[in-house]
Amino acid sequence: QVQLVESGGGLVQTGGSLSLSCAVSGGTFSSFVMAWFRQGPGKEREFVAVIDRSGGNRYYGDYMEGRFTISRDNAKKTVALQMNNLKSEDTAVYYCAADSNSPADRLNVTPDPYDYWGQGTQVTVSS
């Protein structure tokens, strides 16, 4: 059974930084495309970032590239999201997700293809 557990959320001031981590157990981590999504109050789940199986290719959602960095460690079975220059609109529950089925060259930016999800971690940015 594949399980994803996020950590690292919290309260930060505008302009601050946070680092989220997602630990994966079960399955073959190196075969998963990994992504981060977020869901703000009253909003739909939104794509944040995705990284391919090797970590060589990454893609970011609108307004996030340059502030957010996704990375993975296949030996430790973890994926991280470094968030800098945080803004109030970044306030959301952040979810880690794993895609075990898509072709290796497909980095999906919608939630549907992802078959495993963490429970989420709250990020609150205050002014």
Side-chain angles (χ1 to χ4, degrees):
Q1 184 177 359
V2 178
Q3 291 187 322
L4 284 66
V5 179
E6 301 98 335
S7 61
L11 175 65
V12 65
Q13 290 188 332
T14 300
S17 298
L18 275 178
S19 180
L20 305 183
S21 183
C22 173
V24 180
S25 60
T28 304
F29 180 76
S30 59
S31 70
F32 298 158
V33 170
M34 299 298 300
W36 288 93
F37 288 80
R38 69 185 185 185
Q39 190 163 12
K43 298 181 180 179
E44 294 186 352
R45 195 160 294 193
E46 178 185 25
F47 168 73
V48 175
V50 61
I51 189 167
D52 71 358
R53 291 167 172 80
S54 69
N57 290 308
R58 307 164 191 185
Y59 185 71
Y60 296 90
D62 293 341
Y63 312 116
M64 297 166 198
E65 190 163 11
R67 297 192 301 125
F68 292 6
T69 302
I70 188 171
S71 61
R72 69 187 293 162
D73 186 329
N74 284 351
K76 296 182 178 179
K77 300 183 180 181
T78 58
V79 60
L81 184 69
Q82 176 66 40
M83 304 185 293
N84 299 325
N85 190 22
L86 284 162
K87 307 175 181 181
S88 58
E89 52 263 44
D90 295 318
T91 294
V93 177
Y94 284 72
Y95 297 92
C96 174
D99 178 0
S100 67
N101 295 317
S102 295
D105 60 348
R106 182 170 297 169
L107 302 183
N108 291 297
V109 300
T110 59
D112 287 348
Y114 292 86
D115 42 349
Y116 301 108
W117 291 83
Q119 81 288 351
T121 185
Q122 177 70 47
V123 171
T124 303
V125 184
S126 66
S127 57

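Just so it is clear, the model here is predicted, and its values are computed rather than measured.
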Give me the atom names and distance for the closest heavy-atom approach of Ser102 to Pro113. OG-CB, 4.1 Å
Determine, step by step, whether Tyr59 and Val109 satisfy the side chain to side chain contact (heavy atoms under 4.5 Å, CB included) criterion, reporting the C-alpha distance in whole Å, the side-chain angles of both residues, the deciding distance to 0.1 Å, and the verdict. CA-CA 9 Å; Tyr59 185 71; Val109 300; 3.7 Å; yes
In terms of heavy-atom contacts, Asn108 and Asp99 come closest through ND2-OD2, 3.1 Å
Using the side chain to side chain contact (heavy atoms under 4.5 Å, CB included) rule, take Tyr114 and Val50 through it: C-alpha gap first, then chi angles, then the decisive distance, then the call. CA-CA 11 Å; Tyr114 292 86; Val50 61; 3.3 Å; yes
Using 0.5 Å steps for rounding, measure from the CH2 atom of Trp36 to the CD atom of Glu46. 15.0 Å
Taking the six-membered ring of Phe32 as reference, does the cationic atom of Arg53 (NZ for Lys, CZ for Arg) lie under 6.0 Å from its centre and within 45° of its axis? no
Out of curiosity, does Trp117 fall in the hydrophobic cluster containing Ile51 (side-chain heavy atoms, cut-off under 4.5 Å, transitive links)? no
Are Thr69 and Leu81 side-chain neighbours, meaning at least one heavy-atom pair lies under 4.5 Å? no
Listed once per pair and sorted, the salt bridge (Lys or Arg N to Asp or Glu O under 4.0 Å) pairs that draw on residues 72-90, sequence neighbours left out: Arg38-Asp90, Arg67-Asp90
hydrophobic_cluster_shared for Val2 and Met34, side chain cutoff 4.5 Å: yes
Do side-chain atoms of Glu44 reach the backbone of Gln39 as a donor and acceptor pair under 3.5 angstrom? no
Is there a path of hydrophobic side-chain contacts, each under 4.5 Å between heavy atoms of I, L, V, M, F, W or Y residues, that connects Val33 with Phe47? yes
Is there a side-chain contact between Leu11 and Ser126, using heavy atoms and a 4.5 Å cut-off? yes
So which heavy atom on Gln82 is nearest to which on Ser17, and how close? NE2-CB, 3.9 Å
What pair of heavy atoms forms the shortest contact from Thr78 to Ser21, and how long is it? CB-OG, 4.4 Å
If you apply the rule side chain to side chain contact (heavy atoms under 4.5 Å, CB included), what do you find for Thr91 with Gln122, and how did you get there? CA-CA 8 Å; Thr91 294; Gln122 177 70 47; 4.0 Å; yes
If you look at every heavy atom in Ala98 and Asp115, which pair is closest and at what distance? O-OD1, 2.7 Å
Would you say the ring centers of Tyr95 and Phe37 fall short of 6.0 Å from each other? no
Sequence neighbours left out, what passes ring pair (Phe, Tyr, Trp, His ring centres under 6.0 Å) with Tyr94? Give chain and number order. none
Quick check: does any side chain N or O of Thr28 sit under 3.5 Å from a backbone N or O of Ser30, one acting as donor and the other as acceptor? no
Between atom CD1 of Ile70 and atom CG of Asn57, what is the distance when rounded to the nearest 0.5 Å? 12.0 Å
Atom pair OG (Ser25) and CD (Gln3), whose distance is rounded to the nearest 0.5 Å: 4.5 Å
Between Val48 and Val12, is there a shared hydrophobic cluster once you connect ILVMFWY residues whose side-chain heavy atoms come closer than 4.5 Å? yes
Looking only at heavy atoms, the pair that brings Tyr116 and Leu4 closest together is CB-CD1, 3.7 Å
Can you tell me how far the CG atom of Asn84 sits from the CZ atom of Phe68, to the nearest 0.5 Å? 8.5 Å
